[in-house]
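As structure tokens, the structure follows; a few thoughts come after it.
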Amino acid sequence: MYRFVDTIVTILDRELKGRGLPGLPEIGRGWIEQPPEPELGDYAFPCFRLAKALRKPPAVIAQELAAALQGALAAEPLLTAIESAGPYVNFRVSVEELARHTLPAILDGSSFEQSGRVRREKVMVEYSQPNTHKAFHVGHMRNVALGDALVRMMEYVGHEVIAANYIGDVGAHIAKCLWYYRNHRTEAPPAANRGEWLGEMYTAATRLLEAAPPAERKTYEAEVSRVLAQLEAREGEVYRLWEETRAWSLEAFHEIYRWLGARFDHWFYESGMELGRQIVEDGLRRGILVRSQGAAGMDLEPYGLGFFLLLKADGNTLYSTKDLALAHLKFERYGIERSIYVVGTEQNLHFQQVFKTLELLGYAQAARCQHLSYGLVMLPEGKMSSRAGNVILFSALRDRMNAYILSHYLEPHRGDWSDAEIAETCRRIAVAAIRYGMIKQDPAKNIVFNLEDWLVSEGDTGTYLCYAYTRICSVQRLVPREPDPRADFTLLTHENEKRLVRELYDFNRSVHQAAEQLRPNLVANALFRLAKEFSRTYTTSSVKNAENDAVGDARLALFAATRAVLERGLHLIGIVPPERM
RNA sequence: GCGUCCGUAGCUCAGCCGGAUAGAGCAUUUGCCUUCGAAGCAAAGGGCCGCAGGUUCGAGUCCUGCCGGACGCGCCA
């Protein structure tokens, strides 16, 4: 991954060390940059930091270095030119060597074998965490897109990953939903989409409660508390209704994940976290946790994290209590070394408190707990709110995307392609559009979700990436030879071809950086750059109409490698591109 | 009030843990389909990188203050 950079570092180091000057800083990979314009070169070495030790202006140093390195250049087949430009020494790498180093490794798949690059860890990624009895909307999809991508990326760089879901299947919201369902519902449950319908029941419940006059409201709230108590008793008619309706929601979630192609290895349920109470009581006995105003929690004031409430004054557990239990289970039962939580930014403080509390309770793994926090999905008119009823539900989004893609692009193929292929192609494109849109931005930032914009299939979109992929497929259908890893890469002479090779070469580094920083958007960005370079090259470098077969072979290898990286890269962000569209 | 995050082109966003004239997409304008898919490519216009200081050879990037926005700050999740 650093072969060319390391070569440059070695050459520079040898040259500078040979001068025997004291006070010269150590040169490492971090010094080497990429010039802003490809015409300048492929790698650059800035000389500013040598100015002090060498007591010369950077531009003079650059000039002298470039001159002194000509000998090394002649002996080094990886490099074709070393020139100074102002305070920089620019290096040009051999396209042939770059291609020879990059393309065959992609074509035989070895480029995708990353094991050994990082210390292998057993890591759990917890994501999605939907609440049953509530509707699943576009805001929830950002979480799934981020979490699932992170799972795939971590595996790609060599970790053992357990993908976990954590279902919110207890709590006041469910009591409200079931209260409305039993006392105020006017329709029978539908045969299909019962999950979303339950969400409507919940929304109707909150509306009814909010709109009720004070006296009536009090009655309602008493009824809701009674439902909650019956739920906590874990038996009886209300409990059985909970079991039944809970299953409707879970069924809906499974359908969504299936459609999106998201994977979960383990499912945790909030209803299964009773252990939390014991952990708190144990912490109290050990004097680590404290009582306060009748409640119990952890005093995190010394760490600037306030007081972390863990048990209510009435003795009931909280979300925080269950998070301790969940962490305990993850550590003890699944033996993980590292734990990543994909949860919205609004819980930043909460997870700082959880991690610090785990540490103080003695869990060594607390040091390897991370919160991948992400911003809200906003509508152009503002925040989405299920209470206000201005959410875009999953099914609505899926239906709108399907309708758009079918009518604009796929209907003409009806009859020519099988209905099954049309449906599957449509799904893949819709998933690509949504997942890419949810991932391409920095997780920390809010996303403005404008449905009309998301339907558009142009520009920096998942559709564009799929389109690039299908064009390569198309080329390979028309030129049905096997790509030759030993093709003559000196024939890749066009600037576009070279830039494409360079993009392919850089891809793995982007994925590693993305995994390290927990930023799937870096993979998305790298894929867009790659697709862009391919689309450019596509217009200048025909395979079918190449000057001769040798040139065609070189280009075919280049395109086939691009296809392989696109496919693997898209897979990393959960996108399966269609072969044609 | 305190804390965290964000502020870059008309709009939506990149900007590689400090480096060369700040880049995309959308929108606007203009070229390119009898030659591998135009969901594409090429090009143009459009910027006191919120404001003011500071550190540095060098700041969109780091530090401080201010302005604007989002989120959070004990019995919700």
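Convention: sequence-line order gives letters A, B, ...; per-chain numbering from 1.
More than 12 heavy atoms of other residues, nucleotides or ligands shown are found within 6.0 angstrom of CD on A:Glu411. More than 12 heavy atoms of other residues, nucleotides or ligands lie within 6.0 Å of CZ in A:Arg29, so this atom counts as buried by the packing criterion.
When the P atom is compared between B:G46 and B:A9, the two are found 15 Å apart, to the nearest whole Å.
If you check every strand for non-hydrogen atoms under 4.0 Å, A:Asp506 touches nothing. At the heavy-atom level, A:Pro46 lies nowhere under 4.0 Å from the strands shown. Nucleic acid contact class of A:Gln129 (heavy atoms, under 4.0 Å, all strands): none. Counting any heavy atom pair closer than 4.0 Å across all strands shown, A:Glu33 reaches a base atom. Within the nucleic acid shown, A:Ser535 comes within 4.0 Å of sugar-phosphate atoms alone, with no base atom in reach, counting heavy atoms only. Residue-level contact check: A:Pro87 touches neither bases nor backbone, having no heavy atom under 4.0 Å from any strand. Residue A:Val448 is classed as a sugar-phosphate contact, given heavy-atom separations below 4.0 Å to backbone atoms only.
In this structure, B:G74 forms no base pair with any nucleotide, since neither Watson-Crick nor G-U wobble geometry is met with both distances under 3.5 Å. Pair assignment for B:A39 gives none, since no Watson-Crick or G-U wobble pairing has each distance under 3.5 Å. Both distances falling under 3.5 Å, in either a Watson-Crick or a G-U wobble arrangement, place B:U64 opposite B:A52. Nucleotide B:G23: paired with B:C13 (Watson-Crick or G-U wobble, both distances less than 3.5 Å).
The CD1 atom of A:Ile27 lies 9.0 Å from the CZ atom of A:Arg49; values are rounded to the nearest 0.5 Å. Distance CD1/A:Ile174 to OG1/A:Thr132: 3.5 Å, rounded to 0.5 Å.
Listed by chain and residue number, A:Arg555 satisfy the salt bridge (charged side-chain N to carboxylate O under 4.0 Å, His left out) test with A:Glu547 (two or more places apart in sequence, or in another chain).
Aromatic stacking is marked for A:Tyr538 over B:C36, as both cut-offs hold: 5.5 Å for the centres and 30° for the planes.
A:Leu504 places none of its side-chain heavy atoms less than 4.5 Å from the side chain of A:Glu533.
Within residues 524-534 of chain A, the residues that have a heavy atom under 4.0 Å from RNA chain B are, in order of number, A:Asn525, A:Phe528, A:Lys532.
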Going 5' to 3' through nucleotides 70-77 of chain B, assign each nucleotide B (protein heavy atom under 4.0 Å from a base atom), S (under 4.0 Å only from sugar-phosphate atoms) or - (no protein heavy atom that close).
SSSSBBSB
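A distance of 6.0 Å or more separates the ring centres of A:Trp267 and A:Tyr166.
Which of B:A14, B:G37, B:G15 sits closest to the side chain of A:Leu522 comes down to B:G15.
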